[in-house]
> 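For reference, the structure I am asking about is given below.
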Number of protein chains: 2
Amino acid sequence: MNADTNPFNRHFDHLETLADTIGESLRAPVTIEDAGHRLLAYSKHDPKTDPARIATIIGRRVPENVVGSLWRDGVIPKLMETDEPVRVRSIDEVGLGDRVAVSIRQNGRVLGYIWALEVERKLDDDALHLLKAAAEAAKIKLLRLQSQKRKEDEERRDLFWELLTDRHPSGPQAKTKAESLGIRIPDATAVVVVQFAADVEEALHQSIHYIVTSSRRVRPLLHVVSGSQLIVLTEASAGPRFEADASEFVGSLLRQLGERLANAPLAAGIGSVQEDAAAVGQSYREALALVRIKRQFPAETGAMTFYRELGFYRHLPYLVEQKKLHRYENAALKRLRAYDREHHANLVETLETFLARDGNAKEAADMLHVHANTLAYRLKRIAEIGGIDFGDVDQKITLYLDLKTDKWSGTTERL
Amino acid sequence: MNADTNPFNRHFDHLETLADTIGESLRAPVTIEDAGHRLLAYSKHDPKTDPARIATIIGRRVPENVVGSLWRDGVIPKLMETDEPVRVRSIDEVGLGDRVAVSIRQNGRVLGYIWALEVERKLDDDALHLLKAAAEAAKIKLLRLQSQKRKEDEERRDLFWELLTDRHPSGPQAKTKAESLGIRIPDATAVVVVQFAADVEEALHQSIHYIVTSSRRVRPLLHVVSGSQLIVLTEASAGPRFEADASEFVGSLLRQLGERLANAPLAAGIGSVQEDAAAVGQSYREALALVRIKRQFPAETGAMTFYRELGFYRHLPYLVEQKKLHRYENAALKRLRAYDREHHANLVETLETFLARDGNAKEAADMLHVHANTLAYRLKRIAEIGGIDFGDVDQKITLYLDLKTDKWSGTTERL
DNA sequence: TCGACATGAGAATCGGGGTACCGAAAGAGA
DNA sequence: TCTCTTTCGGTACCCCGATTCTCATGTCGA
């Protein structure tokens with residue numbers, strides 16, 4: 001094919017122009033997608049089309065089920081291996097008509113795909129040759145687009161980290177910088193952190209991006225995956241309205257991530273709503289603390305979503321640190337532990353349950369599967385051995401906090 | 001009186017030698033005291049003497065009651081005004097026989113006193129002249145003694161502050177330095193802090209010194225008055241034995257200081273026992289924190305003596321700091337306060353009492369002088385308005401801590 | 001090796017007291 | 001005047017707490 005017969009051997013200012021040119025040359029509706037099946041451009045003046053294409057254009061992305069069936073049928077794998085056009089038979093279940101696809105590749109790496117529908121006519125060999133030439137032309141555009149996009153992504157990510165680490169001295173300054181990157185920071189924001197069991201592989205970033213951005217209830221402004229955490233900056237507002245929405249958002253995030261990813265999320269939490277863009281870091285630190293504490297005390301804090309719900313638990317990291325720093329150990333607990341060890345008793349567990357049940361002997365007894373009198377007896381022993389006065393609230397609270405602290409510091413090494 | 005007839009016109013290597021020389025010249029028992037009536041030297045070979053002198057020599061200090069009666073009789077004031085010998089008539093109640101005293105003065109400032117007893121014979125004018133000359137000779141010795149003592153005191157004080165502020169990198173190093181000042185730092189020490197209502201005037205340091213050093217139960221190593229605080233480093237040991245002694249020591253310190261000083265002590269506390277001399281600062285900071293918290297929560301912590309008794313109260317300064325830093329306010333308490341303000345109710349007080357009484361409705365009702373059912377009703381309202389679940393221990397503890405924190409932060413400005 | 005004894009652990013019984021629930025009545029505010 | 005809030009009396013019920021008893025375990029000395 002020489003230059004005269006290659007209609008794509010010229011400069012295209014927009015990807016849309018290229019799509020139109022391909023469409024006209026092939027006399028077929030054409031869509032151009034990136035490697036993640038997001039719509040980049042599509043030819044206009046298409047007389048006919050199929051449901052899958054409509055859904056793709058409306059959603060600006062190939063529907064998940066279509067992508068899924070294309071994977072199952074081996075179409076995508078085949079496209080990823082060859083530069084040659086691949087003919088795809090219609091798949092009625094997902095509204096996919098006959099079509100031809102060609103991958104846009106660079107050094108074996110897929111940059112995107114061009115799809116040509118065979119709604120009006122079957123594409124002959126000439127058309128397939130044209131399609132291959134079109135892929136070559138699209139490659140140049142996609143490479144430029146990608147490098148541009150990557151640069152923008154990097155700048156956004158840098159901005160996000162700057163916000164998270166409080167690098168901007170003032171809110172307005174941060175907002176100005178954000179606007180130069182096309183991001184409008186609203187009056188109130190909050191940070192969401194989702195903790196995964198292990199580091200999130202690069203391959204999953206795409207799915208996470210999709211799940212985060214497809215949210216309806218709250219508007220995510222920026223997000224980044226860092227190690228085993230997903231961090232999201234969302235628009236916020238004061239009041240229960242936002243709380244409900246945010247709660248719903250985090251819930252659906254966890255659900256969707258859990259369903260689609262093998263590396264399931266363990267916990268998620270939201271920092272306080274900040275009205276100053278320069279205080280995003282505050283919200284971030286709170287969300288981090290929340291997630292950390294939720295992992296440590298799933299039974300106690302598992303249901304919490306917002307930092308302020310933590311109550312005194314938010315001070316636990318400090319208490320643990322102090323305990324280590326001062327080599328502090330509650331004298332009463334020390335004695336009780338020694339007794340437990342020597343007599344194979346479980347006074348500490350009994351005390352813990354009793355305190356957790358708010359001093360309700362009956363409930364605690366039921367919880368421990370012992371007779372109420374047994375519990376009464378044990379409490380008497382605990383008071384004797386530990387030198388504890390159960391009438392003193394302060395002592396009880398001290399014990400409760402020390403028990404929690406010990407629980408944490410005993411297991412926190414792995415974190 | 002020329003040089004030949006003045007037996008004191010020579011060098012005395014020790015104050016004792018001077019005392020003996022005076023005694024022999026006057027043929028009378030002689031004692032030399034400093035301005036605080038501490039015994040500096042006394043003549044030997046005294047055939048007779050009186051009970052007051054014996055007590056002075058035994059106690060190395062003029063007994064308090066003797067000093068008191070000398071003040072009342074105007075002897076001391078007179079001595080402070082003149083260089084001339086003053087004749088003192090016997091005061092039988094305190095075992096004081098006839099004697100003559102002369103003050104040792106420098107620029108109108110009293111450095112000490114010489115006392116000569118008239119047990120064997122009345123002192124004639126010649127003897128009084130000799131006594132005046134003796135005072136002149138003693139002045140030289142006392143001035144040197146005082147400058148030397150002051151220097152030692154300063155070095156001791158410096159060492160103490162170095163210990164209190166953890167300036168010594170290692171325990172052995174600190175001990176070596178202490179030994180060079182004649183202080184043996186024992187294996188275990190603890191710091192006691194006594195807080196006064198106002199700054200302690202210079203004039204009271206003497207009395208404080210006496211009270212501290214006259215302790216029997218524990219051995220004070222160093223002490224210093226700093227602003228409105230008295231800081232004492234004491235020998236310590238692990239175990240209940242020391243705890244009882246130390247408790248007794250602090251108790252008697254407070255009692256004696258309270259009795260003798262107009263500027264009464266407000267609180268006192270002991271930091272943890274430290275086995276490393278380089279960790280004295282730790283004990284000091286704990287004692288400081290204890291005293292600070294005891295002042296803030298006298299009802300709750302007034303009976304405490306040791307830092308570890310504080311329980312969770314030891315974290316209150318941090319909690320208050322965090323509250324200010326994060327502008328945190330418990331949402332439930334905020335609503336309850338708003339309700340109290342609008343409806344002239346006292347839900348917060350009710351809640352506080354209920355929590356302080358450990359959820360015992362009857363006791364709390366009695367404390368508030370309301371019917372038990374009234375309290376039950378109020379608690380129902382509190383739960384509604386504040387969104388509190390009284391079945392949740394964590395919520396209750398959070399509320400309790402936040403109430404304490406608010407109480408502190410509301411009044412802490414004056415400290 | 002045995003029984004006597006002490007101690008620890010748990011269970012049965014029962015009386016007094018605290019709590020939950022209902023309702024009446026007084027007070028405050030619209 | 002009506003309604004909501006607040007207080008407090010009455011009552012039934014259940015829980016706690018003290019006492020006592022049983023049973024297992026361990027430790028002596030004979």
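Both backbone and side-chain heavy atoms feed into the values below; hydrogens, waters and symmetry mates do not. Source: prediction; values computed, not measured. In what follows, every chain begins at residue 1, and chains take the letters A, B, ... in the order their sequences are listed.
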> Using a strict cut-off of less than 4.0 Å between a Lys/Arg side-chain nitrogen and an Asp/Glu carboxylate oxygen, indicate whether B:Glu352 and B:Lys407 qualify as a salt bridge.
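A salt bridge links B:Glu352 with B:Lys407.
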> Tell me which nucleotide among D:dC8, C:dG18, C:dA9 gets nearest to the side chain of B:Lys362.
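So the side chain of B:Lys362 is nearest to C:dG18.
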> Nearest whole angstrom, please: distance from the C1' of C:dT19 to the CG of B:Asn373.
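Result: 9 Å.
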> So, A:Glu300 and A:Lys294, do they make that salt bridge, N to O below 4.0 Å?
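No salt bridge links A:Glu300 with A:Lys294.
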> Between B:Ala376 and A:Ala372, which residue's closest nucleotide on DNA chain C lies nearer the 5′ terminus?
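Looking at DNA chain C, the more 5' nearest nucleotide goes with A:Ala372.
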> Measure the distance from CG on B:Leu375 to P on D:dG9 and round it to the nearest whole Å.
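Result: 14 Å.
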> Take atom CG of B:Leu379 and atom P of C:dG18, then tell me their distance rounded to the nearest Å.
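Atom-to-atom, B:Leu379 to C:dG18, this comes out as 16 Å.
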> So, do B:Phe312 and A:Tyr400 have ring centers that fall under 6.0 Å from each other?
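No, they do not, as the ring centres are separated by 6.0 Å or more.
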> With a 4.0 Å limit, can you tell me whether A:Arg378 has a side-chain N or O closer than that to the phosphate oxygens OP1/OP2 of C:dG10?
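The answer is yes; a side-chain N or O of A:Arg378 sits under 4.0 Å from OP1 or OP2.
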> Whole angstroms only, please: what is the NE2-P distance between A:His343 and D:dA24?
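Whole-Å distance recorded here is 19 Å.
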> For A:Thr374 and B:Glu342, take the nucleotide of DNA chain C holding the closest heavy atom to each; which residue's nucleotide lies nearer the 5' end?
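The residue mapped nearer the 5' terminus is A:Thr374.
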> In whole Å, what is the span from the CD1 atom of A:Ile382 to the P atom of C:dG10?
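Interatomic distance, CD1 of A:Ile382 to P of C:dG10: 11 Å.
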> How many Å lie between NZ on A:Lys380 and C1' on C:dA11, as a whole number?
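Distance check: A:Lys380 NZ to C:dA11 C1' gives 13 Å.
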> Indicate whether OP1 or OP2 belonging to D:dT6 is found under 4.0 Å from a side-chain N or O atom of B:Tyr377.
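So the side-chain polar atoms of B:Tyr377 do come within 4.0 Å of the phosphate oxygens OP1 or OP2 of D:dT6, strictly under.
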> Classify the ring geometry between A:Tyr313 and A:Phe297 as parallel (under 30°), tilted (30 to 60°) or perpendicular (over 60°).
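Tilted: the ring planes of A:Tyr313 and A:Phe297 meet at 30° to 60°.
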> Where do B:Arg295 and B:Ala267 come nearest, in terms of heavy atoms and distance?
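Answer, listing the atom of B:Arg295 first, then B:Ala267: CG-CB, 4.3 Å.
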> Please state how far atom CG in B:Asp358 lies from atom C1' in D:dC16, giving the value in whole angstrom units.
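Atom-to-atom, B:Asp358 to D:dC16, this comes out as 14 Å.
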> Tell me the interatomic distance from A:Phe354, atom CZ, to D:dC16, atom P, rounded to whole angstroms.
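Going from CZ in A:Phe354 over to P in D:dC16 covers 9 Å.
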> Which comes earlier along DNA chain D counting from the 5' end, the contact point of B:His371 or that of B:Tyr339, where each point is its nearest nucleotide?
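Here B:Tyr339 is the residue nearer the 5' end.
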